[in-house]
Amino acid sequence: MLNLEQNQKKKVMKNVLGTELKACSYDPMTGVFRDGFCKYAEQDRGLHIVAAKVTEGFLEWNKARGNDLITPKPQWSFPGLKPGDWWCVCMGVWLKSKESGHPLYLKLESCHEKMLEYVSMDTLKEWEYKD
């Protein structure tokens with residue numbers, strides 16, 4: 001029984017605030033595992049760990065780069081994104097979007113703690129979404 005409890009505790013992922021990782025979005029369903037969470041997984045080379053609110057400028061910029069997140073793809077159960085949707089964005093894409101003038105605001109409680117290996121908490125707080 002103890003091993004089962006220890007395994008369950010190991011599965012609890014943390015966010016950049018050091019608390020339990022919260023869901024980013026269920027509508028549209030996001031995350032590398034399409035479970036609503038921006039979880040870290042070794043097999044996810046894109047690091048979809050950034051919970052970001054997408055904008056029209058970002059979506060158009062990303063489409064021009066070859067990653068069309070606007071057009072629905074029913075074969076992948078992907079409805080297409082619209083401005084204002086929350087989405088688990090790749091770490092590198094988020095960094096590049098800032099450099100290219102299409103920065104995205106973040107839901108820190110839904111950003112995986114792995115982000116702290118790439119950017120400081122001060123930088124993350126600068127981009128925290130506020131209502």
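Scope of the values below: all heavy atoms of this structure, side chains included, with no hydrogens, waters or symmetry mates.
In this structure, Leu104 CG and Ser97 OG are separated by 4.5 Å, a value rounded to the nearest 0.5 Å. Distance check: Thr123 OG1 to Lys98 NZ gives 5.5 Å after rounding to the nearest 0.5 Å. The distance from atom CG of Asp68 to atom NZ of Lys63, rounded to the nearest 0.5 Å, is 4.5 Å. Rounding to the nearest 0.5 angstrom, the gap separating the NE2 atom in His102 from the CH2 atom in Trp61 is 7.5 Å. Separating the CG atom in Leu108 from the CG atom in Leu17 is a distance of 5.5 Å, to the nearest 0.5 Å. The CG atom of Asn15 lies 7.5 Å from the OG atom of Ser110; values are rounded to the nearest 0.5 Å.
Using a 4.0 Å cut-off between a side-chain N of Lys or Arg and a carboxylate O of Asp or Glu, Asp85 and Lys82 qualify as a salt bridge.
Residues Ala52 and Val89 approach most closely at CB-CG2, 3.8 Å, considering heavy atoms. Taking all atoms of both residues into account, the shortest heavy-atom contact from Leu116 to Val16 is CD1-O, 3.6 Å. Between Leu124 and Leu106, the shortest heavy-atom distance links the atoms CD2-CD1, 3.7 Å. Lys39 and Ile49 get closest at one heavy-atom pair: O-CG2, 3.8 Å.
Environment of CD in Glu42: sparse, with no more than 12 heavy atoms of neighbouring residues, nucleotides or ligands closer than 6.0 Å. A 6.0 Å sphere centred on NZ of Lys73 holds more than 12 heavy atoms belonging to other residues, nucleotides or ligands. In the displayed structure, Glu128 atom CD is contacted under 6.0 Å by more than 12 heavy atoms of other residues, nucleotides or ligands.
For Lys114, the salt bridge (charged side-chain N to carboxylate O under 4.0 Å, His left out) partners at least two apart in sequence or on another chain are Glu117.
Judged by distance alone, with hydrogens and angles left aside, the side-chain atoms of Asp44 form a donor-acceptor pair with the main-chain N or O of His48 at under 3.5 Å.
Below 30°, between 30° and 60°, or above 60°: for Trp127 and Tyr105 the angle between ring planes is between 30° and 60°, a tilted geometry.
Per the SG-SG cut-off, Cys24 and Cys88 are not bridged by a disulfide [distance not under 2.5 Å].
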Begin with the C-alpha distance, continue with both residues' side-chain angles, and end with the deciding distance and a verdict on side-chain contact (heavy atoms from CB on, under 4.5 Å) for Met13 and Glu20.
CA-CA 6 Å; Met13 293 199 177; Glu20 187 174 343; over 6 Å; no
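With respect to Trp87, the ring-ring contact (aromatic ring centres under 6.0 Å, His included) criterion is satisfied by exactly one of Phe78, Phe58, Trp94: Phe78.
Looking only at atom types and distance, the side chain of Tyr129 has no donor-acceptor partner in the side chain of Lys107 under 3.5 Å away.
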